[in-house]
Amino acid sequence: MEKIPILKMGDFLLVTVQIDLYDRLALNLEADLVNMINKHQAKGVLIDISAVNIVDSFMGRILSNIAQMSKILDALTVVVGMQPAVAITLIELGLPMTGVRTALNVEKGMELLKRNRILDSEEEETTSTDEDDSAE
Amino acid sequence: MIVLNKDTIKIEKEQDVVFFRNRVAEYADKIKMGLVNKTKLLTAASELVRNMLRYANGGKVLCEIISHATLQTGVRLTFSDQGPGIPDIEKAMQDGYSTGKSLGLGLPGAKRLVSIFDIKTQLGKGTTVTITKWKNG
């Protein structure tokens, strides 16, 4: 059975989809990713679809599901590298990619995840100072 | 109208879909269809073949390269199944309508992506969907 590998890099998970997805494969990826986020307490997921030639309504929905599930688990999902022809087709198909953050390429996607991580940790710091204040 | 190439592909399980998509891509390349049109054709084909698997347990697809008198060349795909048929075709062609758990974009979405779309269905007998995508359009 084919499987799409998920790599862990620090706080983030990296997925590069190198083959055309069929339904079962996409569903497995969804389940694997959610488990990996939980296991590694990942804060971000980067999905590179630059080698994917078609995204139809089912796969679009899976991407959107992954984004929403990971959000509930406090991880941000960024989909990167979508081919222009795929983007044109998705819009004409009428698919709303709800809640999916995108970036042009892996580099920009990583920047986005890191920026989000810094914002998160700053927030944590302010909340912890607030707690200190109230304790005094 | 002349048919230049034709081939029938049986769709019985999910893995057949990958093979089928490759064959359609091959046909599109044969007539030098542009990347955007090819992607649209492949996406529409993918939606229809999924419907066939999900609602009719499979079927077959006739792939053809056709050439029209007006010098238009294109790929025509005929999806035929012996499933339950579609009770309300008007509803099925509406965005967001689905009897399954999908988004209901399959049929209307596929229609928007191709040049010619035709659907015939008979309750209890099956459904035939024919789509044509011209090389330039």
Side-chain angles (χ1 to χ4, degrees), chain A residues 1-4 16-32 34 47-69 79-100 102 104-105, chain B residues 11-26 28-29 33-55 58 77 92-98 100-115 117 131 133 137:
Chain A
M1 179 87 195
E2 287 172 292
K3 215 173 162 70
I4 297 168
T16 309
V17 186
Q18 299 276 10
I19 45 171
D20 271 330
L21 289 166
Y22 52 91
D23 297 6
R24 177 106 319 257
L25 205 58
L27 282 170
N28 284 348
L29 176 67
E30 180 186 278
D32 287 351
V34 176
I47 305 175
D48 175 26
I49 57 165
S50 56
V52 174
N53 293 318
I54 66 161
V55 176
D56 65 8
S57 68
F58 185 82
M59 294 166 228
R61 188 164 62 127
I62 295 286
L63 286 175
S64 174
N65 282 356
I66 289 174
Q68 286 171 30
M69 287 173 189
V79 172
V80 305
M82 185 182 289
Q83 293 176 15
V86 172
I88 294 171
T89 306
L90 268 182
I91 295 308
E92 221 153 285
L93 189 65
L95 195 70
M97 295 281 279
T98 332
V100 182
T102 54
L104 209 52
N105 51 37
Chain B
I11 309 285
E12 280 156 354
K13 52 185 190 303
E14 239 179 64
Q15 275 79 354
D16 296 338
V17 175
V18 177
F19 174 77
F20 161 71
R21 281 204 300 236
N22 290 339
R23 179 53 56 90
V24 176
E26 218 174 86
D29 287 338
M33 189 183 276
L35 182 61
V36 173
N37 280 343
K38 181 175 137 185
T39 308
K40 286 181 183 175
L41 172 68
L42 280 172
T43 309
S46 182
E47 297 289 347
L48 295 171
V49 97
R50 174 173 306 108
N51 279 352
M52 210 160 77
L53 271 173
R54 183 166 299 165
Y55 298 107
L77 305 172
M93 291 306 298
Q94 274 169 21
D95 269 327
Y97 176 82
S98 172
K101 278 187 196 157
S102 70
L103 293 169
L105 286 173
L107 285 177
K111 188 181 180 182
R112 280 193 288 272
L113 293 172
V114 297
S115 317
F117 181 97
I131 58 172
K133 185 82 186 161

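Quick note on labels: first sequence line is chain A, next is B, and so on, each numbered from 1. Keep in mind that this is a model prediction, so the values were computed, not measured.
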*Would you say the side chain of A:N53 lies within less than 4.5 Å of the side chain of B:R21, judging by non-hydrogen atoms?*
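No. Closest side-chain heavy atoms not under 4.5 Å.
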
Testing the basics here: between [X] and [Y], what is the closest heavy-atom pair and its distance to 0.1 Å?
X: A:S57; Y: B:R50; result: OG-NH1, 4.3 Å
X: B:K40; Y: A:E92; result: NZ-OE2, 3.1 Å
X: B:L105; Y: A:G94; result: CD1-O, 3.5 Å

*Most heavy-atom pairs under 4.5 angstrom with chain A, which of B:S46, B:G34, B:A25?*
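So the answer, after comparing B:S46, B:G34, B:A25, is B:S46.
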
_Quick check for you: among B:T43, B:L53, B:V17, B:V18, which has the greatest number of heavy-atom pairs under 4.5 Å with chain A?_
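Max contact count across the listed options: B:T43.
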
*asked:* Please classify the contact between A:L90 and chain B as side chain, backbone, both or neither, with a heavy-atom cut-off of under 4.5 Å.
replied: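 Neither the backbone nor the side chain of A:L90 comes within 4.5 Å of chain B.
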
Can you tell me how far the [atom1] atom of [X] sits from the [atom2] atom of [Y], to the nearest 0.5 Å?
X: A:E2; Y: B:Q15; atom1: CD; atom2: CD; result: 8.0 Å
X: A:T89; Y: B:K38; atom1: OG1; atom2: NZ; result: 12.0 Å
X: A:Q83; Y: B:T39; atom1: CD; atom2: OG1; result: 7.0 Å

*asked:* Only pairs of heavy atoms separated by less than 4.5 Å count here; which of A:I88, A:I19, A:L93, A:V86 has the most with chain B?
replied: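 Of the options given, most contacts go to A:L93.
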
*So, B:E14 side chain and A:Y22 main chain: donor-acceptor pair closer than 3.5 Å or not?*
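The answer is no, because no donor-acceptor pair under 3.5 Å joins these two groups.
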
